[in-house]
Amino acid sequence: MKYSGITLKKPKVGFFDFTGCEGCQLQITNKEENLKALFGLVEVVNFREISSERRDDYEIAFIDGCITTDSEVARLKKIREQAGILVAMGACACLGGVNNLRSRFPLPDVVKEVYDGHHVDTGPVRKVAEIVPVDIELPGCPISKHEFEWLVRHLVLGIEPQFPKYPVCVECKQRLNSCVLDMGMMCLGPVTRAGCNAVCPRNRLGCWGCRGPSEEANFESLMEILREKGFTEEHIAERVKFFNAFSGILNSDC
Amino acid sequence: MERPPDFNNKSLLMQTEKGFKSEVINIVKLTAQEKLFQIRILGSCEREKFTFLPGQFVMLELPGCGEVPISISSSPSNREFIGLCVRKAGKVTGMLHRLEPGAMVGIRGPLGTHFPMQKMVGRNILLIAGGLGIAPLRSPIYWVNEHRSEYKDITILYGVKEPGQILFDYQFEEWRKIYDLNLLTIVQNPDENWKGKVGLITELFEDISIDPEDTFAIVCGPPVMFKFICAHLADIGIPRQRMFVSLERRMHCGMGKCCRCNVGSTFTCLDGPVFDYWTVMNLKEAI
Amino acid sequence: MLFKTITKENFKKMVEGLLEENEVIGPRSRDQDLEGNKIYRFLKVNSFEELEMDYTRSYSSPKNYFLPFKEDFATYRLEDNNWEQEIRYTVHPRVIIGMRACDINALLKLDQVMLKSVYPNPYYFARRQNTLIIGLDHEPLEDCFCRSMNTDTAFHGFDLFLTDIGDKYFVAINSDTAYIIINQFDAREVTEEDQERFKTVKEQIKSKFKTQVDITILPELMDLEFESEVWKKWGDKCLSCGSCAMVCPTCYCYGIEEDTNLTFTKATKRRFLYSCNLLDFAAVAGGHNFRPEAHIRLKYRYYHQFRGFVEAFNQSLCVGCNRCGKACLAGISPKAVIDDLIKTEKNEY
Ligand SMILES: Cc1cc2nc3c(=O)[nH]c(=O)nc-3n(C[C@H](O)[C@H](O)[C@H](O)COP(=O)(O)OP(=O)(O)OC[C@H]3O[C@@H](n4cnc5c(N)ncnc54)[C@H](O)[C@@H]3O)c2cc1C
Ligand code: SF4
Ligand code: SF4
Ligand code: SF4
Ligand code: SF4
């Protein structure tokens with residue numbers, strides 16, 4: 001493989017799922033027509049979803065899901081030791097994600113409620129970066145196939161990927177959406193990293209912040225705007241905590 | 001029902017995005033961070049068309065990767081190839097550094113304003129460069145050499161942080177002896193092999209005498225540097241409109257459209273990159 | 001200029017005729033805001049009934065039909081060490097119905113940059129040439145300040161311009177194409193009565209302007225108050241979200257990016273509309289940002305609109321539509337900011 005006369009090496013990659021819905025891995029495999037070209041760029045040595053082959057000589061590790069158990073912690077640390085580049089993929093791996101909602105309740109209560117008291121090996125929900133250093137975060141719930149392909153191209157070329165620094169509003173306005181805040185709905189678009197093409201506001205849902213905060217987001221201003229618009233503290237807190245993307249920005253008591 | 005007329009085939013406008021396809025014929029590694037690319041425009045006709053003046057820049061494109069503004073660092077009279085000195089700074093420049101001779105790139109240009117070499121005829125010229133700022137100065141240096149008898153004393157002051165960052169030192173002897181230029185260098189953080197002067201570039205002023213009545217200055221380097229230097233030169237009496245600086249801003253189009261290179265009320269790509277210091281002083285956010 | 005009248009019935013027939021062959025863009029509503037007002041935008045219309053001629057203001061300006069949010073400048077075929085560039089700027093003929101005087105003036109301002117400058121932009125030129133513009137008068141809204149910006153009337157830059165005078169439209173005709181088209185639909189000579197009605201409507205429009213912005217010494221003020229606290233006050237609220245620039249009919253800043261396909265055999269060079277309010281607008285390689293703070297970026301947007309553009313083209317860039325003010329969640333509008341600047345100048349704080 002060559003680009004402008006530069007010989008490109010196929011990196012060896014592995015995919016590893018932790019606690020999550022595997023939606024992100026599905027995103028990668030579901031666009032059939034591109035799959036061959038995509039996997040022609042890399043050598044997949046470890047990907048449960050598509051093959052039984054398991055090798056441990058990967059250079060790039062893609063992690064999806066959040067980390068909840070001690071055995072997962074150990075497994076993740078081992079992957080980090082092997083991988084030259086570690087990519088956290090999707091909201092669960094990058095932020096803790098939806099799973100994190102659980103952290104609002106005492107763990108024993110959760111186990112009782114969900115597993116009916118059966119013994120399970122589970123601990124607090126943690127994002128990947130809380131356990132090991134992460135090189136690249138590929139945001140989204142689920143990730144976008146388009147962005148994944150873009151990332152792989154960058155990895156093959158050996159260029160550091162630059163994600164949009166600006167918030168979702170830019171893309172939302174470009175799609176000529178009506179602003180859902182004007183329509184009385186809550187939206188975290190002004191403080192959330194763009195790149196999803198504003199799918200949620202497009203469908204009149206308001207943004208939940210699944211892609212994490214945009215760079216130097218002005219939370220204070222948005223909170224003030226939301227309060228002025230009459231949203232209650234509980235309502236705001238519920239939204240802001242949903243993906244665990246904005247931890248530490250709310251008053252600690254809500 | 002009638003359609004509005006179709007003007008698609010009538011547009012005689014220049015294809016602004018169409019550049020000169022060029023071959024990288026030689027790559028000189030200058031330091032760990034900088035390489036000099038010698039680029040030859042394909043087609044003798046196109047090569048003839050491409051003429052520029054000292055201080056102008058081109059948009060250098062690697063298709064699929066991106067396009068970056070780079071000052072031309074070779075002689076305007078060299079019609080065989082143009083020299084571009086590129087520092088590895090990010091996506092495009094990083095990729096350019098991995099190219100081998102024979103690679104094809106695109107160049108759009110020449111763009112921007114130039115140093116007014118004609119106005120300086122019969123005068124002394126003081127060229128001051130900090131770091132990578134020496135790259136755009138090579139073009140006026142070649143120019144004065146080729147028209148050496150038209151100018152009086154030529155002095156070059158060149159300052160860098162570390163000795164390893166000095167660019168084009170292989171040409172210094174030639175510049176001094178054959179070009180008859182007075183070249184002084186200074187470094188901020190010397191190593192054990194450095195025998196020259198140590199300190200900030202402004203300290204080189206102690207070693208030269210300037211006739212403010214009869215001198216033009218060209219200053220290239222980081223903004224903090226030219227701010228101090230131009231203030232000093234103004235203090236000793238050089239009129240601000242006889243000092244020229246080259247500004248650097250983020251740039252995407254090079255044609256005064258994308259607004260990324262804006263300074264105050266104007267654009268670096270159209271009214272610059274070469275500005276006289278009076279203009280710069282009066283542009284908001286320029287320094 | 002040539003004037004005619006056309007009945008609304010015949011106008012409908014004309015639009016239906018245009019719809020047969022052309023892509024027609026016009027104001028349509030999709031959602032409602034909390035007060036129950038319809039939210040309009042310029043979209044493709046498929047039948048005359050979809051067109052809402054009584055619309056108030058489009059949420060976003062129709063500029064994206066001339067400067068698309070994203071557009072391919074060039075494509076490349078890549079092979080080993082070589083490549084071929086292909087540039088195309090062909091566009092399909094298009095009709096836009098219902099553009100306001102301010103929007104047409106906005107295009108005239110964009111023309112200055114895109115067509116009448118050193119490097120005319122062929123992509124914009126192609127779109128401009130292949131678009132038939134039918135303008136439409138309206139009574140100003142509460143916050144329209146186009147009159148202050150001298151953009152409340154359009155004298156050129158359109159093909160047809162309609163003023164509603166009851167059962168018919170009073171039409172200004174500005175191009176041969178439009179003249180040919182409208183004459184196929186029984187356009188009539190202007191009668192004295194039509195002229196009287198036209199004058200009355202225009203008088204009415206004039207009397208309804210409520211918002212004024214004093215721009216007498218605004219360019220000077222922009223320099224004099226460059227360090228003013230006013231910028232910080234509004235800048236601290238700014239979300240750096242770029243909504244203002246996206247909806248504005250004149251903001252044209254952009255970025256360019258290049259990318260390849262998955263097999264490195266094809267590449268594209270794409271222009272995308274950007275905003276000077278976004279964090280990395282003026283950031284350069286190596287991490288330096290020439291405008292690191294929100295208030296500095298906000299100030300620059302105003303500086304370009306009301307100072308930089310004046311220096312270059314002897315007119316403000318802003319046309320006074322207040323779309324940016326409407327779209328801004330933080331309540332930042334030209335009226336509010338400029339009034340504040342004037343107040344500081346007069347030391348009214
Ligand atoms: C008039 C002018 C002359 C220049 N001359 C030279 C030169 O002779 N040698 C040299 O090494 N460098 C020069 N530069 C700087 C050079 O353009 C940047 O280092 C380069 O654009 C970085 O691009 P990148 O893709 O590697 O970095 P990234 O950070 O990946 O940048 C992405 C994009 O941002 C823009 N950009 C980022 N930084 C700059 C910058 N400093 N200036 C302009 N655009 C930027 C470019 O469009 C670039 O494609 C010059 C800049 C200007 C404005
Ligand atoms: S709907 Fe949300 S993302 Fe869209 S413009 Fe409004 S606040 Fe921004
Ligand atoms: S709009 Fe918000 S919640 Fe929806 S996909 Fe985009 S970032 Fe995620
Ligand atoms: S001024 Fe308003 S619309 Fe514009 S970037 Fe700031 S918050 Fe967004
Ligand atoms: S009022 Fe705002 S949106 Fe309208 S032209 Fe002026 S700056 Fe642009």
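These values consider heavy atoms only, across backbone and side chains, with no hydrogens, waters or symmetry-generated copies. In what follows, chains are A, B, ... by sequence order, proteins preceding strands, each numbered from 1.
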Given the options [options], which has more heavy-atom pairs under 4.5 Å with chain A than any of the others?
options: Q32(C), R41(C), K70(C), K237(C); answer: R41(C)
options: T260(C), N64(C), I39(C); answer: T260(C)
options: L278(C), D31(C), D33(C); answer: D31(C)
options: D236(C), L239(C), N81(C), D80(C); answer: L239(C)
options: S243(C), A330(C), G331(C), A327(C); answer: S243(C)

Is it the backbone or the side chain of [X] that comes under 4.5 Å from a heavy atom of chain C, or both, or neither?
X: L41(A); result: side chain
X: V156(A); result: side chain
X: L8(A); result: side chain
X: L176(A); result: both

Practice problem: Kindly state whether the ring of F163(A) and the ring of W150(A) have centres lying under 6.0 angstrom apart. | Solution: yes
Please flag which part of [X] lies under 4.5 Å from any non-hydrogen atom of chain A: side chain, backbone, both or neither.
X: L34(C); answer: both
X: F42(C); answer: backbone
X: N82(C); answer: neither
X: L279(C); answer: side chain
X: L43(C); answer: side chain
X: N261(C); answer: backbone

Output yes when [X] and [Y] qualify as a salt bridge under the 4.0 Å nitrogen-oxygen rule, no when they do not.
X: E137(A); Y: K127(A); result: no
X: K10(A); Y: E43(A); result: no
X: R28(C); Y: E50(C); result: yes
X: D340(C); Y: K233(C); result: yes
X: E147(A); Y: R211(A); result: yes

Quiz item: Would you say E216(A) and N218(A) make side-chain contact, with heavy atoms under 4.5 Å?
Solution: no
Practice problem: Mark yes or no for whether E171(A), through its side chain, and G195(A), through its backbone, hold a donor-acceptor pair below 3.5 Å. | Solution: yes
Exercise. Output yes when a side-chain donor or acceptor of D182(A) lies under 3.5 Å from a complementary backbone atom of S178(A), and no otherwise.
Key: no
Quiz item: Do you know which of R202(A), K2(A), K229(A) has the most heavy-atom pairs with chain C at a distance under 4.5 angstrom?
Solution: R202(A)
Practice problem: Heavy atoms only, distances under 4.5 angstrom: which of E228(A), K165(A), H154(A), R204(A) has the most pairs with chain C? Name it, please. | Solution: R204(A)
Quiz item: Can you list the residues that meet the salt bridge (charged side-chain N to carboxylate O under 4.0 Å, His left out) rule with E224(A), with sequence neighbours excluded?
Solution: none
Exercise. In sequence, state the C-alpha distance, the side-chain angles, and the governing distance for R77(C) and E84(C), and then conclude on salt bridge (Lys or Arg N to Asp or Glu O under 4.0 Å).
Key: CA-CA 5 Å; R77(C) 251 193 8 252; E84(C) 283 311 320; 5.7 Å; no
